[in-house]
Asks: 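There's a structure below that I have some questions on.
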Amino acid sequence: MKKIISIIAVLTVLFSVAFAEILGKAGGGKKEDREIVTQYMNDYTNIIGTPEDSVLFYGGFCGPNDFIFTQINPDFEPDIQGWGHTVFFASKPVKPGSRYMLEYWSWFWLNYTGSAHFTVQTTPLIVDVPEKPGIYYFGFYDSMSTFVDGELIENPRFTSIKERPNCLRKILKLYAGTAWEPVIKEELKKAEAEAKQNKKDRKEKRKNEWEDKRK
């Protein structure tokens, strides 16, 4: 049986294990870790790639976070995608069929902060970019998400559906005036409709469960 542990507990362990590696890579200080993310933060002022030849992948994590994603498919050129102190992440346009792993993640939760560097063997999240150009949602992970055999599993409840429109509204501002804008707007309409239907379905389910209990 697969062992399932809460993400908060695992992140605490990961921080402890990864601290030595952080010391080696970043000098062990928060300032140095921040400089790592700042160095690789995405610049959206000069977008190269269109919905016809590229993929934009997006998603997020609960609470302000720093991210670094690294391209690991040997058939493609090396690439690094980064975003700092945010809930939502949107890549720059990338090559269809490429593969990105979460290499660095720092998180801020209440009074607790932590950070970890990952390798291909230890990363909790790998984004397999679709072969078809367009936009791709890799999910939204919160404190209810879990690690299953080392893999980050999306919250099975409604979080992902609920947060998808919020992700799209955020990246719509980043890509305003580009060829991606109409594609993102169309995706936002679909995501809003899905979230609305999901909310309706959940309400109906609760109603039926309540009526069943009264019988």
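Reckoned from all heavy atoms, side chains included, excluding hydrogens, waters and symmetry mates. One-based numbering along the sequence shown.
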Asks: Give a yes or no on whether a salt bridge exists between K185 and E181, defined as a side-chain N under 4.0 angstrom from a carboxylate O.
Replies: yes
Asks: Check F140 against F88 and note the closest heavy-atom contact, atom names and distance.
Replies: CE1-CE2, 3.8 Å
Asks: Can you name the side chain to side chain contact (heavy atoms under 4.5 Å, CB included) partners of K190, sequence neighbours left out?
Replies: E186, E187
Asks: Drop me the distance from F89's CZ to I68's CD1, to the nearest 0.5 angstrom.
Replies: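 Result: 10.0 Å between the selected atoms.
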Asks: Between atom CZ of F69 and atom CG of N42, what is the distance when rounded to the nearest 0.5 Å?
Replies: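 Reported value, rounded in 0.5 Å steps: 10.5 Å.
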Asks: Do P124 and L102 touch side chain to side chain, with heavy atoms closer than 4.5 Å?
Replies: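 Yes, side chains in contact.
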Asks: Once you round to the nearest 0.5 Å, how far does OG1 of T70 lie from CD of Q81?
Replies: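 Separation between the atoms: 9.5 Å.
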Asks: By the salt bridge (charged side-chain N to carboxylate O under 4.0 Å, His left out) test, which pairs, at least two apart or in different chains, include something from residues 124-134?
Replies: R99-D128
Asks: Looking at N65 and V87, would you say the former's side chain and the latter's main chain have a donor-acceptor pair under 3.5 Å?
Replies: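 Between the backbone of V87 and the side chain of N65 there is no qualifying donor-acceptor contact (under 3.5 Å).
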Asks: Looking only at non-hydrogen atoms, find the nearest pair between V127 and Y136 and report the distance.
Replies: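 For V127 versus Y136, the nearest heavy atoms are CG1-CE2, 3.9 Å.
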Asks: Closest heavy-atom contact between P93 and S54?
Replies: CB-CB, 3.7 Å
Asks: Taking atom CE of M41 and atom CG of D66, what is their separation to the nearest 0.5 Å?
Replies: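 Answer rounded to 0.5 Å: 8.0 Å.
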Asks: Under 3.5 Å, which donor-acceptor pairs do the side chains of residues 166-176 form with other protein atoms, sequence neighbours left out?
Replies:
{"from": "N166", "atom 1": "OD1", "to": "R169", "atom 2": "NH1", "distance (Å)": "2.8"}
{"from": "N166", "atom 1": "ND2", "to": "E163", "atom 2": "OE1", "distance (Å)": "3.0"}
{"from": "R169", "atom 1": "NH2", "to": "E192", "atom 2": "OE2", "distance (Å)": "3.1"}
{"from": "Y175", "atom 1": "OH", "to": "S91", "atom 2": "O", "distance (Å)": "2.6"}

Asks: Between V94 and Q71, is the side chain to side chain contact (heavy atoms under 4.5 Å, CB included) condition met? List the steps.
Replies: CA-CA 9 Å; V94 302; Q71 203 289 120; over 6 Å; no
Asks: Quick one: pull up CG in L56 and CH2 in W180 and give me the separation to the nearest 0.5 Å.
Replies: 5.0 Å
Asks: So which atom in V129 and which in P96 form the shortest heavy-atom distance, rounded to 0.1 Å?
Replies: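 Heavy atoms of V129 and P96 come nearest at CG1-CA, 4.1 Å.
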Asks: Do I80 and F76 land in one hydrophobic cluster if side-chain heavy atoms of ILVMFWY residues count as linked below 4.5 Å?
Replies: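 Result: no, two separate clusters.
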Asks: Go through the steps for L125 and F118 under the test side chain to side chain contact (heavy atoms under 4.5 Å, CB included), then give the verdict.
Replies: CA-CA 10 Å; L125 178 63; F118 303 103; over 6 Å; no
Asks: Rounded to the nearest 0.5 Å, how far does OG of S98 lie from CZ of F57?
Replies: 7.5 Å
Asks: Would you mind listing every salt bridge (charged side-chain N to carboxylate O under 4.0 Å, His left out) that reaches into residues 74-89, with sequence neighbours excluded?
Replies: none
Asks: Using the benzene-type ring in the case of Trp, are the ring centres of Y100 and F138 under 6.0 Å apart?
Replies: no
Asks: So, does W105 use its side chain to make a donor-acceptor pair with the main chain of T123 at under 3.5 Å?
Replies: no
Asks: Could you check whether Y58 and Y137 have their ring centres less than 6.0 Å apart?
Replies: yes
Asks: Can you list, by chain and residue number, the hydrophobic cluster partners of I126 when the side-chain cut-off is 4.5 Å?
Replies: I72, M101, V120
Asks: Of all residues at least two apart in sequence or in a different chain, which pass the side-chain hydrogen bond (donor to acceptor under 3.5 Å, both in side chains) check with D43?
Replies: T45
Asks: Which atoms form the tightest heavy-atom contact between I161 and A195, and what is the distance?
Replies: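 Heavy atoms of I161 and A195 come nearest at CG2-CA, 3.6 Å.
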